[in-house]
Asker: 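Starting off with a structure, shown below.
Fair warning: this is a prediction, and the values are worked out from it, not measured in the lab.
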Amino acid sequence: MKFHTRKWVKPEDLNPNKTLFGGKLLAWIDEEAALYSIVQLENSHVVTKFMSEINFMSSAVQGDIIEIGLEVINFGTTSLVLKCEVRNKMTHETIITVDKITMVNLDENGKPKPHGKTTVEYVADRLANKKN
């Protein structure tokens, strides 16, 4: 799994227990999944359709640096299914896992659109191919 994004837990991210608010963390995951899918599918019209069971395993506190990891587990015709893990950057202790996040590729009218992708592509490889 590749960890793409780091977040610094700040006072405004905390719940009354002075730990990272789960809703804030889920918003970060959703945003990261959308950005990852947009880059993979080369389309800015991507939406979250489904998140499977969410497993909170440990907490984060103010000052912690967390990192969000995503991995593609399946390419559908119009969708991309991701797996997510969030962990503490310094200790690598897992904070949360999400087994499946389904992102759907849309056309300009908001309807599911086939994306034609079957493997993970890296932007550096796309750029190298365009030069050739």
Asker: Looking at every non-hydrogen atom in both residues, tell me the closest pair between Met51 and Leu26 and how far apart they are.
Answerer: CE-O, 4.5 Å
Asker: Taking all heavy atoms of Met103 and all of Ala34, pick out the closest pair and write down the distance.
Answerer: CE-CA, 3.6 Å
Asker: Counting only heavy atoms from other residues, nucleotides and ligands, does the tally under 6.0 Å from CD of Glu53 exceed 12?
Answerer: no
Asker: Pair Met57, Ile96 - check side chain to side chain contact (heavy atoms under 4.5 Å, CB included), show working.
Answerer: CA-CA 5 Å; Met57 302 173 77; Ile96 189 175; over 6 Å; no
Asker: Are any of the side-chain heavy atoms of Asp13 and Phe21 separated by less than 4.5 Å?
Answerer: no
Asker: If you compare all heavy atoms of Trp8 against all heavy atoms of Trp28, which two are closest, and at what distance to 0.1 Å?
Answerer: O-CH2, 4.5 Å
Asker: Any chance you could measure Ile73, atom CD1, to Leu80, atom CG, to the nearest 0.5 Å?
Answerer: 9.5 Å
Asker: Please lay out, stage by stage, how Leu70 and Met1 fare under the test side chain to side chain contact (heavy atoms under 4.5 Å, CB included).
Answerer: CA-CA 6 Å; Leu70 292 170; Met1 180 168 299; 5.8 Å; no
Asker: So how far is it from Lys49 NZ to Ile101 CD1, rounded to the nearest 0.5 Å?
Answerer: 14.0 Å
Asker: May I have all residue pairs that pass side-chain hydrogen bond (donor to acceptor under 3.5 Å, both in side chains) and include part of residues 72-87, sequence neighbours excluded?
Answerer: Glu67-Arg87, Glu85-Thr94
Asker: How would you list, by chain and number, every residue that makes a side chain to side chain contact (heavy atoms under 4.5 Å, CB included) with Thr91, sequence neighbours excluded?
Answerer: Asn88, Glu93
Asker: Do any N or O atoms from the side chain of His115 and from the backbone of Val104 form a donor-acceptor pair under 3.5 angstrom?
Answerer: no
Asker: Can you tell which of Ile54, Val86, Val9 makes a side chain to side chain contact (heavy atoms under 4.5 Å, CB included) with Leu25?
Answerer: Val86
Asker: Are Glu108 and Lys113 ion-paired here, with the side-chain N under 4.0 Å from a carboxylate O?
Answerer: no
Asker: Write out all pairs satisfying side-chain hydrogen bond (donor to acceptor under 3.5 Å, both in side chains) with one or both partners inside residues 30-39, taking only residues at least two apart or from two chains.
Answerer: Thr5-Glu32, Asp30-Thr48
Asker: Begin with the C-alpha distance, continue with both residues' side-chain angles, and end with the deciding distance and a verdict on side chain to side chain contact (heavy atoms under 4.5 Å, CB included) for Ile68 and Cys84.
Answerer: CA-CA 7 Å; Ile68 302 170; Cys84 177; 4.1 Å; yes
Asker: Any heavy-atom pair between the side chains of Ile66 and Ile95 that's under 4.5 Å?
Answerer: yes
Asker: Please list, chain by chain and in numerical order, all residues satisfying side chain to side chain donor-acceptor pair (under 3.5 Å) with Asp99, sequence neighbours excluded.
Answerer: none
Asker: Tell me, with the steps shown, if Leu41 and Lys117 meet side chain to side chain contact (heavy atoms under 4.5 Å, CB included).
Answerer: CA-CA 7 Å; Leu41 302 178; Lys117 306 289 184 174; 3.9 Å; yes
Asker: Are Ile29 and Val72 connected in the hydrophobic side-chain network, where two residues link if heavy atoms are under 4.5 Å apart?
Answerer: yes
Asker: For Asn43, which residues count as a side chain to side chain donor-acceptor pair (under 3.5 Å) partner, sequence neighbours excluded?
Answerer: Asn105
Asker: Which pairs, with at least one residue in residues 15-27 and sequence neighbours excluded, count as a side-chain hydrogen bond (donor to acceptor under 3.5 Å, both in side chains)?
Answerer: Asn15-Thr19
Asker: In the single-linkage hydrophobic clustering (I, L, V, M, F, W, Y; side-chain heavy atoms under 4.5 Å), do Leu20 and Phe56 co-cluster?
Answerer: yes
